[in-house]
Amino acid sequence: MGTPPLTATDFSSAVTAIAAAFGDPTRREIYLYARSNPGGVTAAEVADHFDLHPNVARHHLDKLTGGGYLEVAVERTGRSGAGRPSKRYRVTATEVDLAIPVRHDDLLVMLLGRALALLPPDTAAAMAEDVGLEYGRLMARSMGDADHQRSFQAAMHAVADALTAHGFAAHAEKRNHELRIVSEHCPFGEAVRENPVICAVDRGLVKGMLAELYGDATAELDTTIALGDDVCVTTVEA
């Protein structure tokens with residue numbers, strides 16, 4: 001059975017995810033370099049190969065990881081001994097194309113919406129946020145950054161990259177002295193329009209990822225596609 005064609009919204013989300021990861025020519029070359037090394041590469045190796053500062057190399061590798069194109073394994077080598085373990089970045093797939101799976105299941109989301117509709121609104125919202133919070137923590141841990149303390153702004157951009165990889169077409173921005181996550185696409189489809197309480201999952205995702213990548217933060221949904229707005233906006237404060 002062949003892969004079904006992408007819908008217009010899924011196609012747009014996939015293009016956004018690829019643009020976020022490969023919009024920089026150096027980043028594309030780094031991905032190709034990592035793909036040519038089955039054992040993976042470290043930030044130091046990438047920095048040496050491309051004549052980059054180690055922090056710049058790590059930034060590109062983190063972008064690729066946040067987009068789901070690389071995965072991270074923490075290893076100790078004989079030379080590192082008891083010192084800090086090194087992170088090795090490996091490709092997650094041999095090919096990258098527009099057929100990126102947008103990670104949602106319409107049937108399960110509809111079932112979730114129907115189940116939440118049976119609960120009191122406050123209870124339903126709390127449950128949806130808790131689910132997002134737990135999954136957001138798992139997403140952040142899969143990026144291999146549990147031992148890496150980020151600045152608040154860097155963590156926000158990492159959250160946006162991870163959300164984009166999951167179909168939200170998100171970016172981080174500062175407006176009126178506030179930091180916000182703006183999502184241009186909702187991967188939950190029509191189910192969230194029928195059950196806007198599912199939007200609480202988004203808030204939980206942001207809080208969960210930030211808790212792992214930075215620390216405790218508050219997140220509030222200012223606008224949501226489910227209620228007719230053009231984009232979903234989550235305002236965040238550390």
Side-chain angles (χ1 to χ4, degrees), residues 2-3 6 10-11 13-103 135-151 153-172 205 208-210 212-214:
T3 302
L6 293 175
D10 286 357
F11 178 84
S13 179
V15 169
T16 302
I18 289 175
F22 295 106
D24 187 299
T26 301
R27 194 170 304 150
R28 178 180 180 276
E29 294 302 316
I30 290 174
Y31 172 78
L32 294 175
Y33 175 63
R35 191 172 66 171
S36 68
N37 288 272
V41 296
T42 65
E45 290 169 348
V46 169
D48 183 63
H49 185 81
F50 291 95
D51 194 23
L52 300 172
H53 188 281
N55 288 342
V56 175
R58 191 173 297 108
H59 168 76
H60 286 301
L61 290 166
D62 286 345
K63 283 283 188 180
L64 290 167
T65 302
Y69 303 104
L70 298 180
E71 59 187 8
V72 183
V74 179
E75 301 177 344
R76 289 188 184 275
T77 64
R79 283 187 293 178
S80 63
R84 185 176 181 181
S86 63
K87 291 182 180 179
R88 188 159 290 275
Y89 298 80
R90 299 184 178 91
V91 295
T92 56
T94 56
E95 297 295 334
V96 173
D97 55 31
L98 286 179
I100 295 176
V102 178
R103 299 161 191 164
Y135 193 71
R137 286 181 177 275
L138 291 173
M139 286 169 61
R141 290 169 189 164
S142 71
M143 296 166 62
D145 286 319
D147 64 337
H148 178 59
Q149 190 74 12
R150 294 170 180 258
S151 69
Q153 189 168 359
M156 286 282 286
H157 285 289
V159 168
D161 289 342
L163 289 174
T164 291
H166 279 67
F168 286 87
H171 66 273
L205 286 172
M209 282 190 280
L210 283 175
E212 292 292 322
L213 299 175
Y214 173 77

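Remember, it's a predicted structure, so these values are computed and weren't measured experimentally. This chain uses plain numbering: 1 for the first residue, then up along the sequence.
- Between Lys87 and Leu61, every side-chain heavy-atom pair lies at or beyond the 4.5 Å cut-off.
- The aromatic rings of Tyr33 and His49 lie parallel to each other, their planes meeting at an angle below 30°, with 60° marking the opposite boundary.
- Distance CG/Leu213 to CZ/Arg137: 10.5 Å, rounded to 0.5 Å.
- Considering all non-hydrogen atoms of both residues, Ala172 and Ala160 come closest at N-CB, 3.7 Å.
- Interatomic distance, CZ of Arg35 versus CG of Leu64, reported as 12.0 Å (0.5 Å rounding).
- Looking at every heavy atom in both residues, Ala34 comes nearest to Val41 through CB-CG2, 4.0 Å.
- Residues forming a side-chain hydrogen bond (donor to acceptor under 3.5 Å, both in side chains) with His171 (at least two apart in sequence, or on another chain): Glu173.
- Within 6.0 Å of the CG atom in Asn55, the count of heavy atoms belonging to other residues, nucleotides or ligands exceeds 12.
- Checked against salt bridge (charged side-chain N to carboxylate O under 4.0 Å, His left out), Glu71 has no partners two or more places apart in sequence or in another chain.
- Ala154 is linked by a side-chain contact (heavy atoms from CB on, under 4.5 Å) to Arg150, Ser151, counting only residues two or more places apart in sequence or in another chain.
- Of the possible polar contacts, one joining the Arg88 side chain to the Gly40 backbone as a donor-acceptor pair under 3.5 Å is found.
- Shown here for Ala57 and Ala43, the closest heavy-atom pair between the two residues is CB-O, 3.6 Å.
- Interatomic distance, NE2 of His157 versus NE2 of His59, reported as 9.0 Å (0.5 Å rounding).
- For the pair Tyr31 and Arg27, the minimum side-chain heavy-atom distance is 4.5 Å or more.
- Under the 4.5 Å side-chain criterion, counting only non-hydrogen atoms from C-beta, Val56 is not in contact with Thr26.
- Minimum interatomic distance between Arg90 and Gly39 (heavy atoms only, all atoms of both residues): NE-O, 3.2 Å.
- Contact of the Leu210 side chain with the Met156 side chain is registered, since non-hydrogen atoms from C-beta on lie closer than 4.5 Å.
- Residues Leu163 and Leu205 approach most closely at CD2-CD1, 4.1 Å, considering heavy atoms.
- You'll find the side chain of Asn37 stays beyond 4.5 Å of the side chain of Tyr89, heavy atoms only.
- With values rounded to the nearest 0.5 angstrom, Thr42 atom OG1 is found 9.5 Å from Arg58 atom CZ.
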